[in-house]
Amino acid sequence: MNPVVLVHGGASSEIPQDLEERLRQGVVRAATAGYKVLKEGGRALDAVEAAVTILEDDPEFNAGHGAVLNAEGTVEMDASIMDGRDLSSGAVCAARCIANPIQLARLVMEKTPHCLLTSHGAAKFACAMGVPVIPGEQLITERNRQDLEKEKQKTDAETPSPQKNQG
Amino acid sequence: TVGAVALDSNGDVAYATSTGGLMNKMVGRVGDSPCVGSGGYADSAMGAVSSTGHGESILKVNLARLILFHVQQGKAVGEAADTALGYMKSKVKGEGGVIVVSNAGDWAAKWTTESMPWAAAQDGKVHFGLHR
(Lines give C-alpha, C1' and ligand atoms only; values in the text may rest on other atoms or scores of the structure.)
Protein backbone atom coordinates (compact mmCIF):
# COMPACT_ATOMS: atom_id res chain seq x y z
CA MET A 1 0.00 0.00 0.00
CA ASN A 2 1.26 3.46 -0.95
CA PRO A 3 1.25 5.55 2.24
CA VAL A 4 -0.31 8.99 2.31
CA VAL A 5 -0.93 11.66 4.93
CA LEU A 6 -3.16 14.76 4.74
CA VAL A 7 -3.42 17.61 7.21
CA HIS A 8 -5.64 20.66 7.57
CA GLY A 9 -5.25 23.86 9.54
CA GLY A 10 -8.92 24.72 10.02
CA ALA A 11 -11.77 26.06 7.89
CA SER A 12 -11.86 29.83 7.90
CA SER A 13 -14.00 32.60 6.51
CA GLU A 14 -11.08 34.90 5.89
CA ILE A 15 -7.31 34.68 6.20
CA PRO A 16 -5.21 37.86 6.38
CA GLN A 17 -2.71 37.96 3.53
CA ASP A 18 0.28 38.30 5.84
CA LEU A 19 -0.68 35.01 7.50
CA GLU A 20 -1.02 32.92 4.34
CA GLU A 21 2.61 31.93 3.92
CA ARG A 22 3.00 30.96 7.58
CA LEU A 23 -0.08 28.74 7.34
CA ARG A 24 1.26 27.11 4.16
CA GLN A 25 4.58 26.44 5.83
CA GLY A 26 2.85 25.01 8.90
CA VAL A 27 0.68 22.48 7.07
CA VAL A 28 3.54 21.44 4.78
CA ARG A 29 5.79 20.91 7.81
CA ALA A 30 3.10 18.80 9.54
CA ALA A 31 2.37 16.69 6.45
CA THR A 32 6.07 16.12 5.87
CA ALA A 33 6.55 14.97 9.47
CA GLY A 34 3.59 12.58 9.24
CA TYR A 35 4.85 11.21 5.93
CA LYS A 36 8.31 10.61 7.41
CA VAL A 37 6.72 8.42 10.08
CA LEU A 38 4.93 6.40 7.40
CA LYS A 39 8.03 6.04 5.19
CA GLU A 40 9.97 4.69 8.15
CA GLY A 41 7.35 1.97 8.57
CA GLY A 42 5.30 3.71 11.25
CA ARG A 43 1.57 3.23 11.66
CA ALA A 44 -1.08 5.63 10.43
CA LEU A 45 -1.93 6.32 14.08
CA ASP A 46 1.65 7.47 14.79
CA ALA A 47 1.65 9.62 11.66
CA VAL A 48 -1.53 11.54 12.51
CA GLU A 49 -0.40 12.09 16.10
CA ALA A 50 2.98 13.42 14.90
CA ALA A 51 1.36 15.74 12.35
CA VAL A 52 -1.21 17.16 14.76
CA THR A 53 1.38 17.61 17.52
CA ILE A 54 3.34 19.87 15.16
CA LEU A 55 0.23 21.92 14.38
CA GLU A 56 -0.62 22.17 18.10
CA ASP A 57 2.88 23.54 18.75
CA ASP A 58 2.55 26.09 15.94
CA PRO A 59 1.02 29.34 17.31
CA GLU A 60 -0.53 30.17 13.93
CA PHE A 61 -3.19 27.47 14.35
CA ASN A 62 -6.20 27.21 16.65
CA ALA A 63 -5.04 24.27 18.77
CA GLY A 64 -2.57 23.81 21.61
CA HIS A 65 -0.25 26.83 21.66
CA GLY A 66 -2.28 29.45 19.78
CA ALA A 67 -5.72 28.11 20.70
CA VAL A 68 -8.40 30.80 20.73
CA LEU A 69 -9.73 32.12 24.04
CA ASN A 70 -13.13 31.49 25.57
CA ALA A 71 -15.38 34.17 27.07
CA GLU A 72 -13.31 34.18 30.26
CA GLY A 73 -10.08 34.70 28.35
CA THR A 74 -8.76 31.21 29.01
CA VAL A 75 -7.99 28.24 26.78
CA GLU A 76 -10.16 25.10 26.74
CA MET A 77 -9.12 22.50 24.19
CA ASP A 78 -10.75 19.43 22.63
CA ALA A 79 -9.08 16.58 20.75
CA SER A 80 -9.75 13.08 19.48
CA ILE A 81 -7.87 10.28 17.76
CA MET A 82 -9.00 7.00 16.20
CA ASP A 83 -7.27 3.87 14.95
CA GLY A 84 -8.98 2.41 11.89
CA ARG A 85 -7.55 -1.05 12.57
CA ASP A 86 -9.96 -1.81 15.40
CA LEU A 87 -12.02 1.40 15.82
CA SER A 88 -10.35 2.16 19.14
CA SER A 89 -10.56 5.86 19.96
CA GLY A 90 -9.71 8.38 22.65
CA ALA A 91 -10.69 11.98 23.27
CA VAL A 92 -10.49 14.84 25.74
CA CYS A 93 -12.58 17.96 26.02
CA ALA A 94 -12.30 21.23 27.92
CA ALA A 95 -8.66 20.32 28.60
CA ARG A 96 -6.53 23.07 30.12
CA CYS A 97 -2.87 23.66 30.84
CA ILE A 98 -1.36 20.94 28.66
CA ALA A 99 0.65 21.51 25.51
CA ASN A 100 -0.63 18.64 23.37
CA PRO A 101 -4.23 17.49 23.91
CA ILE A 102 -3.88 15.01 21.02
CA GLN A 103 -1.27 13.07 22.97
CA LEU A 104 -3.57 12.99 25.98
CA ALA A 105 -6.40 11.73 23.75
CA ARG A 106 -4.16 8.89 22.61
CA LEU A 107 -3.39 8.01 26.23
CA VAL A 108 -7.15 7.90 26.93
CA MET A 109 -7.44 5.45 24.04
CA GLU A 110 -4.54 3.25 25.09
CA LYS A 111 -4.56 3.43 28.89
CA THR A 112 -8.26 3.51 29.79
CA PRO A 113 -11.35 1.52 28.81
CA HIS A 114 -13.06 4.84 27.99
CA CYS A 115 -13.45 7.00 24.87
CA LEU A 116 -13.71 10.53 26.30
CA LEU A 117 -12.55 12.33 29.43
CA THR A 118 -13.63 15.87 30.24
CA SER A 119 -12.20 18.87 32.03
CA HIS A 120 -11.32 17.97 35.65
CA GLY A 121 -11.19 14.25 34.90
CA ALA A 122 -8.92 14.82 31.92
CA ALA A 123 -6.64 16.94 34.12
CA LYS A 124 -6.45 14.24 36.82
CA PHE A 125 -5.75 11.59 34.20
CA ALA A 126 -3.03 13.73 32.60
CA CYS A 127 -1.41 14.11 35.99
CA ALA A 128 -1.59 10.36 36.62
CA MET A 129 0.02 9.72 33.22
CA GLY A 130 2.87 12.13 33.96
CA VAL A 131 1.81 14.65 31.31
CA PRO A 132 3.45 17.96 32.22
CA VAL A 133 1.12 20.72 33.42
CA ILE A 134 2.04 24.08 31.94
CA PRO A 135 0.76 27.55 32.88
CA GLY A 136 -2.37 28.30 30.85
CA GLU A 137 -0.80 31.65 29.90
CA GLN A 138 1.83 29.77 27.93
CA LEU A 139 -0.80 28.68 25.38
CA ILE A 140 -2.09 32.22 24.83
CA THR A 141 -0.79 34.41 22.04
CA GLU A 142 -1.01 38.19 22.02
CA ARG A 143 -2.93 38.04 18.74
CA ASN A 144 -5.60 35.83 20.29
CA ARG A 145 -5.86 38.14 23.29
CA GLN A 146 -6.44 41.09 20.97
CA ASP A 147 -8.88 39.12 18.80
CA LEU A 148 -10.97 38.26 21.87
CA GLU A 149 -11.12 41.92 22.86
CA LYS A 150 -12.24 42.88 19.36
CA GLU A 151 -14.82 40.08 19.31
CA LYS A 152 -16.23 41.13 22.68
CA GLN A 153 -16.56 44.73 21.52
CA LYS A 154 -18.21 43.59 18.29
CA THR A 155 -20.68 41.25 19.99
CA ASP A 156 -21.56 44.00 22.44
CA ALA A 157 -22.54 46.12 19.45
CA GLU A 158 -24.38 43.53 17.37
CA THR A 159 -26.07 40.16 17.61
CA PRO A 160 -23.40 37.44 17.73
CA SER A 161 -23.21 35.24 14.65
CA PRO A 162 -21.61 31.84 15.23
CA GLN A 163 -21.36 31.31 11.48
CA LYS A 164 -18.79 34.11 11.25
CA ASN A 165 -16.60 32.27 13.71
CA GLN A 166 -15.93 28.84 12.28
CA GLY A 167 -13.68 27.43 14.96
CA THR B 1 -8.90 23.46 14.43
CA VAL B 2 -6.21 21.19 13.05
CA GLY B 3 -6.40 17.61 11.86
CA ALA B 4 -4.70 14.78 10.04
CA VAL B 5 -5.63 11.54 8.30
CA ALA B 6 -3.25 8.85 7.10
CA LEU B 7 -3.04 5.52 5.33
CA ASP B 8 -0.03 3.34 6.19
CA SER B 9 1.75 0.64 4.22
CA ASN B 10 -0.33 -2.05 5.96
CA GLY B 11 -3.51 -0.50 4.57
CA ASP B 12 -4.67 0.88 7.91
CA VAL B 13 -6.02 4.38 8.41
CA ALA B 14 -6.25 6.78 11.35
CA TYR B 15 -7.38 10.32 12.10
CA ALA B 16 -6.54 12.97 14.69
CA THR B 17 -8.32 16.30 15.31
CA SER B 18 -7.49 19.02 17.85
CA THR B 19 -8.93 22.46 18.53
CA GLY B 20 -9.28 25.45 20.78
CA GLY B 21 -12.89 25.75 19.65
CA LEU B 22 -14.69 29.01 18.98
CA MET B 23 -13.31 32.33 20.01
CA ASN B 24 -15.34 33.90 22.85
CA LYS B 25 -17.19 30.59 23.38
CA MET B 26 -19.15 29.89 26.53
CA VAL B 27 -17.05 28.19 29.17
CA GLY B 28 -17.72 24.47 28.86
CA ARG B 29 -18.86 24.63 25.24
CA VAL B 30 -17.70 21.58 23.30
CA GLY B 31 -17.94 21.22 19.53
CA ASP B 32 -17.38 18.33 17.15
CA SER B 33 -13.63 17.83 17.53
CA PRO B 34 -13.65 15.34 20.45
CA CYS B 35 -16.72 13.53 19.12
CA VAL B 36 -16.02 10.40 17.11
CA GLY B 37 -18.18 10.36 13.98
CA SER B 38 -18.37 14.14 13.77
CA GLY B 39 -14.89 15.60 14.32
CA GLY B 40 -13.40 12.57 12.63
CA TYR B 41 -13.72 8.88 11.92
CA ALA B 42 -11.36 6.10 10.88
CA ASP B 43 -12.18 2.58 9.76
CA SER B 44 -9.66 0.64 7.72
CA ALA B 45 -12.57 -1.00 5.90
CA MET B 46 -13.39 2.40 4.36
CA GLY B 47 -11.06 5.31 5.11
CA ALA B 48 -10.53 8.22 7.46
CA VAL B 49 -11.85 11.77 7.83
CA SER B 50 -10.92 14.80 9.95
CA SER B 51 -13.41 17.69 10.10
CA THR B 52 -13.26 21.41 10.80
CA GLY B 53 -15.82 24.20 10.78
CA HIS B 54 -18.96 25.13 12.65
CA GLY B 55 -18.97 22.46 15.36
CA GLU B 56 -22.66 22.45 16.20
CA SER B 57 -23.54 21.93 12.52
CA ILE B 58 -20.95 19.17 12.13
CA LEU B 59 -22.38 17.42 15.18
CA LYS B 60 -25.93 17.60 13.80
CA VAL B 61 -25.04 15.77 10.57
CA ASN B 62 -22.28 13.49 11.97
CA LEU B 63 -20.13 14.85 9.19
CA ALA B 64 -17.17 12.45 9.22
CA ARG B 65 -19.27 9.29 9.38
CA LEU B 66 -21.67 10.69 6.79
CA ILE B 67 -18.80 11.10 4.33
CA LEU B 68 -17.65 7.53 4.90
CA PHE B 69 -21.25 6.34 4.47
CA HIS B 70 -21.19 7.90 1.01
CA VAL B 71 -17.82 6.24 0.33
CA GLN B 72 -19.36 2.92 1.41
CA GLN B 73 -22.16 3.55 -1.07
CA GLY B 74 -19.63 3.80 -3.89
CA LYS B 75 -18.92 7.52 -4.19
CA ALA B 76 -15.37 8.74 -4.83
CA VAL B 77 -13.86 10.46 -1.78
CA GLY B 78 -14.11 13.97 -3.25
CA GLU B 79 -17.71 13.48 -4.30
CA ALA B 80 -18.58 11.99 -0.91
CA ALA B 81 -17.05 15.00 0.86
CA ASP B 82 -18.83 17.49 -1.40
CA THR B 83 -22.15 15.70 -0.94
CA ALA B 84 -21.90 15.68 2.85
CA LEU B 85 -20.65 19.28 3.11
CA GLY B 86 -23.45 20.33 0.75
CA TYR B 87 -25.99 18.53 2.90
CA MET B 88 -24.69 20.28 6.02
CA LYS B 89 -24.88 23.66 4.28
CA SER B 90 -28.41 23.16 2.99
CA LYS B 91 -29.86 21.37 6.02
CA VAL B 92 -28.40 23.32 8.94
CA LYS B 93 -26.67 26.24 7.17
CA GLY B 94 -23.31 25.11 8.49
CA GLU B 95 -19.98 25.57 6.77
CA GLY B 96 -16.75 23.68 7.19
CA GLY B 97 -14.07 21.56 5.64
CA VAL B 98 -12.71 18.01 5.66
CA ILE B 99 -9.75 15.93 4.64
CA VAL B 100 -10.49 12.38 3.53
CA VAL B 101 -8.38 9.36 2.63
CA SER B 102 -9.80 6.05 1.43
CA ASN B 103 -8.32 2.65 2.22
CA ALA B 104 -7.22 2.53 -1.44
CA GLY B 105 -5.13 5.70 -1.05
CA ASP B 106 -7.47 8.12 -2.83
CA TRP B 107 -7.70 11.43 -1.00
CA ALA B 108 -9.43 14.79 -1.07
CA ALA B 109 -9.44 18.13 0.77
CA LYS B 110 -12.80 19.93 0.50
CA TRP B 111 -14.36 22.93 2.19
CA THR B 112 -17.30 25.31 1.88
CA THR B 113 -15.74 28.21 3.76
CA GLU B 114 -13.53 30.69 1.93
CA SER B 115 -10.29 29.04 2.98
CA MET B 116 -8.76 25.96 4.55
CA PRO B 117 -5.00 25.47 4.65
CA TRP B 118 -4.18 21.84 3.80
CA ALA B 119 -1.26 19.71 2.70
CA ALA B 120 -0.86 16.13 1.51
CA ALA B 121 2.25 13.99 1.20
CA GLN B 122 2.34 10.96 -1.08
CA ASP B 123 4.97 9.37 -3.37
CA GLY B 124 7.61 11.70 -1.95
CA LYS B 125 5.70 14.78 -3.10
CA VAL B 126 3.89 17.40 -1.02
CA HIS B 127 0.75 19.11 -2.33
CA PHE B 128 -0.86 22.04 -0.58
CA GLY B 129 -3.60 24.62 -0.93
CA LEU B 130 -5.42 27.37 0.89
CA HIS B 131 -8.22 29.04 -1.07
CA ARG B 132 -11.09 27.63 -3.10
Practice item. Under 4.5 Å heavy-atom distance to chain A, tell me which part of B/Leu130 shows up: side chain, backbone, both or neither. Key: side chain

Study note, to complete from the structure: Okay, B/His131 and chain A: the region with an atom under 4.5 Å from a heavy atom over there is side chain

Point to revise | side chain to side chain donor-acceptor pair (under 3.5 Å) evaluation trace for A/Glu56 with B/Ser18 | key: CA-CA 8 Å; A/Glu56 285 178 336; B/Ser18 181; 2.5 Å; yes

Exercise for review: Under 4.5 Å heavy-atom distance to chain A, tell me which part of B/Val36 shows up: side chain, backbone, both or neither.
Suggested key: side chain

**Study point:** Under 4.5 Å from any heavy atom of chain A - which part of B/Val100
**Key:** backbone

Review point. Which answer fits B/Thr112, side chain, backbone, both or neither, if we ask what part of it has an atom under 4.5 Å from a heavy atom of chain A?
Key: neither

Review point. Who wins among B/Gly28, B/Cys35, B/Ala42 for the most heavy-atom pairs under 4.5 Å with chain A?
Key: B/Ala42

Check your understanding: How would you list, in number order, the residues of residues 15-41 of chain A that have a heavy atom less than 4.5 Å from chain B?
Key -> A/Ile15, A/Glu20, A/Leu23, A/Arg24, A/Val27, A/Val28, A/Ala31, A/Thr32, A/Tyr35, A/Leu38

Check your understanding: Checking B/Asp32 against chain A: side chain, backbone, both or neither under 4.5 Å from a heavy atom?
Key -> neither

Output a table of donor-acceptor pairs, distance under 3.5 Å, between side-chain atoms of residues 121-129 of chain A and any protein atom two or more places apart or on a different chain; print 'none' if there are none.
none

Study note, to complete from the structure: Cut-off 4.5 Å, heavy atoms of chain A, and the answer for B/Tyr15 is both

Point to revise | Under 4.5 Å from any heavy atom of chain A - which part of B/Val101 | key: side chain

Point to revise | Side chain / backbone / both / neither for B/Val5 at chain A, heavy atoms under 4.5 Å | key: both

Revision key, fill the gap. Filtered by a 4.5 Å non-hydrogen cutoff, the part of residues 73-83 of chain A contacting chain B is A/Glu76, A/Met77, A/Asp78, A/Ala79, A/Ser80, A/Ile81, A/Met82, A/Asp83

Between side-chain atoms of residues 75-85 of chain B and protein atoms elsewhere (two or more places apart, or another chain), which donor-acceptor pairs fall under 3.5 Å?
| unit_1 | atom_1 | unit_2 | atom_2 | d |
| --- | --- | --- | --- | --- |
| B/Asp82 | OD2 | B/Lys110 | NZ | 3.3 |
| B/Thr83 | OG1 | B/Glu79 | O | 2.7 |

